[in-house]
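Numbering starts at 1 and runs along the sequence shown.
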Amino acid sequence: KFGSAPALQSSVRLSTMAPKPRTSRAKEKKEVIRGGGRSIRSALIKQMRSKAGWEVNFQAAALDAADEVPQHRRPGAPLKGGFPLKKWLEKFPDMVVDLGRSAWLPDDWGQGVKTTTPNGRSFGTTGGMLVSYISPCGKRFFHKHMVEKLAGRKLSAYDGYKGALRKTEFEVMQNRASAIGSDDALFKVLSPKERRFLPPASDLYVAIVSARRASQPQGLRDIAVVQSSFISVGVEPTWYVDEPSLGDYKKLGLKAVVGGKLTAARNMALKDAAARGKACVQVSDDISRWEYRHGPRATEKGDDASNTAHEAAERYILSPVGAARFMLAKLRALAADAKDGKSPQLAGVYPLGSCSRAFGHHEEGRNHFILGDFFVVDKSPVRFDQEMTLKEDYDITCAHIAQHGSVLRLNRMTIAAKHATNPGGAVAQRDKKGTEEERNISILMRKWPKSFRRNPTRKHEVIMRWPGAPKQEEETKECDGSSGPPVKAVKKRQHVASKGVAKHVLKRPRGKS
């Protein structure tokens with residue numbers, strides 16, 4: 001519907017090419033922007049729609065944040081060359097530079113958002129505005145096929161990769177700024193002693209293990225998210241990739257080396273970090289978010305109490321570097337207290353996308369599974385078993401516990417990863433019959449017979465429980481993403497899953513931790 005816009009949380013205003021300076025509400029008092037960077041762009045879009053006469057509603061703080069972004073730093077601005085921004089307002093007074101950017105848009109093109117007049121065909125949530133593409137010569141188009149016609153070729157994610165980097169870096173920074181806390185707030189969670197061991201970012205050697213992802217549109221978007229997450233805080237990661245794909249990764253401007261197959265690449269990264277005297281941070285190539293929840297533990301047992309405690313906790317949106325520094329500070333503080341010379345050298349995150357159940361347990365686990373998607377190794381001779389092609393994170397967890405007496409799992413820190421569905425990587429190692437999964441399970445059972453048992457609800461999966469480790473009730477994790485469906489009927493539950501965890505609640509397994 002359309003007409004005069006109703007009274008909103010703040011008066012409706014249109015961003016200009018030179019927004020008036022003013023004091024942001026976010027500076028007066030910290031206000032969480034629901035949805036982070038995407039909500040900020042949504043507020044800009046809704047602002048444009050309201051000027052066209054549509055009734056809209058948005059969070060005032062999100063619009064404040066949108067207005068504060070200079071035009072030349074917005075993702076929609078041309079990356080190089082292009083039609084000068086100072087001429088946009090003169091030629092297109094009904095348009096502002098967009099806070100988003102199409103994945104295929106060439107570097108010398110710009111993207112804006114213009115108002116439109118409602119008519120009889122206006123309906124839904126898209127009326128009142130149009131995304132506009134501005135050519136280097138100053139012509140405006142509204143459809144990809146017209147841009148391709150002028151460019152003289154079909155456009156793909158390769159053409160827009162640098163723009164995707166800018167867009168994701170913008171969203172990453174806005175997500176952190178919009179949350180109740182980020183890295184600095186997280187470091188205050190450390191004890192005074194742990195803060196004394198907080199390392200600088202230069203103590204970290206970041207390795208991203210990837211394969212066959214730089215040739216896929218979705219893979220390019222995921223690579224842009226992970227790369228920008230590190231670059232935005234001044235750290236350049238090294239990509240360990242398969243030899244046939246090396247050229248594709250270097251074409252994107254990434255610092256890439258041949259790492260070989262999965263476990264060989266992981267071991268090479270550990271060796272390279274040790275040679276530089278640094279801690280090794282290993283990262284999967286499809287992580288989109290790092291979070292930490294800070295709050296008191298549930299006072300009662302049961303999911304309801306844990307969920308209540310989880311919802312009441314403060315949510316911190318982290319940089320991966322901040323998360324790794326936090327882990328390393330804890331590892332080194334534990335090492336300083338070790339009396340028998342043994343202390344954990346491997347730290348990781350909770351293996352699910354939501355840590356709500358972890359609020360029924362201790363904040364840390366010392367004999368529990370460490371997810372291979374994101375972990376830190378400080379000083380250790382332990383290496384991955386190159387006989388394994390899947391489930392190698394289970395094996396390295398056990399090897400570290402056997403060598404160093406324990407590991408460190410932060411049960412309030414989570415990531416969002418999705419490589420159960422991504423093409424390439426570990427997914428390419430699986431087969432429909434689960435033959436490769438079963439081969440790796442047999443290796444685990446042979447090496448660690450007292451630590452693993454078959455998962456009763458999922459095919460080709462195991463449950464790890466180190467002998468003597470306290471039980472932590474958590475949803476069953478599908479290592480590397482299961483190819484088989486759940487065996488039993490389940491109750492649906494909405495949450496973001498990590499590394500292929502099913503988006504439902506299984507009947508509570510015994511002993512999985």
Margin query: Just verifying a value: how many Å separate R383 CZ and T263 OG1, rounded to the nearest 0.5 Å?
Written below: 13.0 Å
Checklist line | Donor-acceptor side-chain pairing of D183 and S319 below 3.5 angstrom | finding: yes
Note to self: The test is side-chain hydrogen bond (donor to acceptor under 3.5 Å, both in side chains); show your working for E438 and H460 and say whether it passes.
What the structure shows: CA-CA 6 Å; E438 290 300 318; H460 315 307; 2.8 Å; yes
Margin query: Between D393 and G372 (side chain of the first, backbone of the second, donor and acceptor by atom type, cut-off under 3.5 Å), is there such a pair?
Written below: yes
Note to self: I'd like to know if the side chain of N267 reaches the main chain of F384, judged simply by a donor and an acceptor atom lying under 3.5 Å from each other, with no hydrogens or angles considered.
What the structure shows: yes
Note to self: Any carboxylate oxygen within less than 4.0 angstrom of a Lys/Arg side-chain nitrogen, looking at E364 and R366?
What the structure shows: no
Next item on the list: Apply side-chain contact (heavy atoms from CB on, under 4.5 Å) to T397 and M464, showing your working.
Entry: CA-CA 10 Å; T397 300; M464 173 188 165; 3.7 Å; yes
Next item on the list: State the CE-CD1 distance between M388 and I441, to the nearest 0.5 angstrom.
Entry: 9.0 Å
Margin query: When you compare the side chain of F452 with that of C398, does any pair of heavy atoms fall below 4.5 Å?
Written below: yes
Check: Which atoms form the tightest heavy-atom contact between G365 and N411, and what is the distance?
Finding: N-ND2, 3.7 Å
Check: Could you state the interatomic distance from CZ (R221) to CD (Q216), rounded to the nearest 0.5 Å?
Finding: 10.5 Å
Next item on the list: Flag the pair R315 and E291 as a salt bridge only when some basic side-chain nitrogen lies within less than 4.0 angstrom of an acidic carboxylate oxygen.
Entry: yes
Check: Within a strict 4.5 Å, meaning less than it, do heavy atoms of the V226 and D222 side chains meet?
Finding: no
Checklist line | Distance-only donor-acceptor check, side chains H404 and S343, under 3.5 Å | finding: no
Notebook entry, point to check: Do the side chain of D385 and the main chain of E392 share a donor and acceptor less than 3.5 angstrom apart?
Noted result: no
Next item on the list: Indicate yes or no for a side-chain donor-acceptor contact from N440 to the backbone of E436 under 3.5 Å, with no hydrogens or angles considered.
Entry: yes
Notebook entry, point to check: How many angstroms lie between atom CD1 of I223 and atom CD of Q218, to the nearest 0.5 angstrom?
Noted result: 10.5 Å
Notebook entry, point to check: Do L334 and E194 touch side chain to side chain, with heavy atoms closer than 4.5 Å?
Noted result: no
Check: Between R74 and D98, is the closest basic N to carboxylate O distance under 4.0 Å?
Finding: no
Next item on the list: Report yes if some heavy atom in the side chain of F374 is under 4.5 Å from a heavy atom in the side chain of P320; otherwise report no.
Entry: yes
Next item on the list: Find out whether H368 and Y350 are in side-chain contact, i.e. whether some heavy atom of one side chain is under 4.5 Å from a heavy atom of the other.
Entry: no
Margin query: Let me confirm one number: the CD-CG distance from Q227 to D285, rounded to the nearest 0.5 Å.
Written below: 11.5 Å
Note to self: Applying side-chain contact (heavy atoms from CB on, under 4.5 Å) to T238 and I208, what does each step give before you reach the verdict?
What the structure shows: CA-CA 6 Å; T238 301; I208 302 176; over 6 Å; no
Next item on the list: Would you check if there is a donor-acceptor pair between the side chains of T457 and N455 at a distance under 3.5 Å?
Entry: yes
Note to self: What verdict does the side-chain contact (heavy atoms from CB on, under 4.5 Å) test give for V283 and V206, after you've listed the backbone C-alpha separation in whole Å, the side-chain angles of each residue and the deciding distance to 0.1 Å?
What the structure shows: CA-CA 7 Å; V283 191; V206 179; 4.1 Å; yes
Item checked: Short side-chain to backbone donor-acceptor contact, D203 and P199, under 3.5 Å -> no
Next item on the list: Classify the ring geometry between W290 and F230 as parallel (under 30°), tilted (30 to 60°) or perpendicular (over 60°).
Entry: perpendicular
Next item on the list: For the pair F187 and F326, evaluate ring-ring contact (aromatic ring centres under 6.0 Å, His included) and give the outcome as yes or no after the intermediate values.
Entry: CA-CA 7 Å; F187 298 151; F326 184 84; 7.1 Å; no
Item checked: Partner of T389 under side chain to side chain contact (heavy atoms under 4.5 Å, CB included), chosen from K261, E437, R439 -> R439
Notebook entry, point to check: For F369, does its backbone N or O pair with a side-chain atom of R409 as donor and acceptor, under 3.5 Å?
Noted result: yes
Next item on the list: Determine the minimum heavy-atom distance between L99 and P75, stating which atoms define it.
Entry: O-CG, 3.2 Å
Check: Out of curiosity, S356 OG to D303 CG, how far, rounded to the nearest 0.5 Å?
Finding: 7.0 Å
Margin query: Keeping R297 on the side-chain end and F359 on the backbone end, is there a donor-acceptor pair under 3.5 Å?
Written below: no
Item checked: Heavy-atom pair with the smallest gap, counting every atom of V281 and A324 -> CG2-CB, 3.8 Å
Notebook entry, point to check: Got M445 and V462 here, is their nearest side-chain heavy-atom distance under 4.5 Å?
Noted result: yes
Next item on the list: Take E387 and R446 through the salt bridge (Lys or Arg N to Asp or Glu O under 4.0 Å) test and state the conclusion after the steps.
Entry: CA-CA 13 Å; E387 185 183 1; R446 184 187 75 233; 3.4 Å; yes
Checklist line | K447/D395 under salt bridge (Lys or Arg N to Asp or Glu O under 4.0 Å): CA gap, chis, key distance, verdict | finding: CA-CA 8 Å; K447 295 178 68 174; D395 179 67; 2.9 Å; yes
Notebook entry, point to check: Is it true that E461 and K391 have a side-chain N and a carboxylate O under 4.0 angstrom from each other?
Noted result: yes
Next item on the list: Examine distances only and state if a side-chain atom of R195 and a backbone atom of L190 form a donor-acceptor pair shorter than 3.5 Å.
Entry: yes
Item checked: Main-chain N/O of Y292 paired with R412 side-chain donor or acceptor, under 3.5 Å -> no
Checklist line | S380 versus H400, closest heavy-atom pair with distance | finding: OG-CE1, 3.3 Å
Next item on the list: Measure the acute angle between the ring planes of W448 and W466, then classify it against the limits of 30° and 60° as parallel, tilted or perpendicular.
Entry: tilted
Next item on the list: Using the test side-chain hydrogen bond (donor to acceptor under 3.5 Å, both in side chains), find all partners of T168 that sit at least two apart in sequence or belong to another chain.
Entry: S228
Next item on the list: Could you pull out the closest heavy-atom pair between G405 and N367, with the gap in Å?
Entry: O-ND2, 3.8 Å
Item checked: Test item: L204 and V321 side chains (from C-beta on) under 4.5 Å apart, heavy atoms -> yes
Checklist line | Nearest atoms (heavy-atom pairs only) where C355 meets T414 | finding: CB-CG2, 3.7 Å
Note to self: If you apply the rule side-chain contact (heavy atoms from CB on, under 4.5 Å), what do you find for L346 with V376, and how did you get there?
What the structure shows: CA-CA 6 Å; L346 170 66; V376 177; over 6 Å; no
Margin query: Please check this pair: side chain of S284 against backbone of D286, looking for a donor-acceptor N/O pair closer than 3.5 Å.
Written below: no
Margin query: Within the structure provided, determine whether R289 and I415 are in side-chain contact (heavy-atom separation under 4.5 Å).
Written below: no
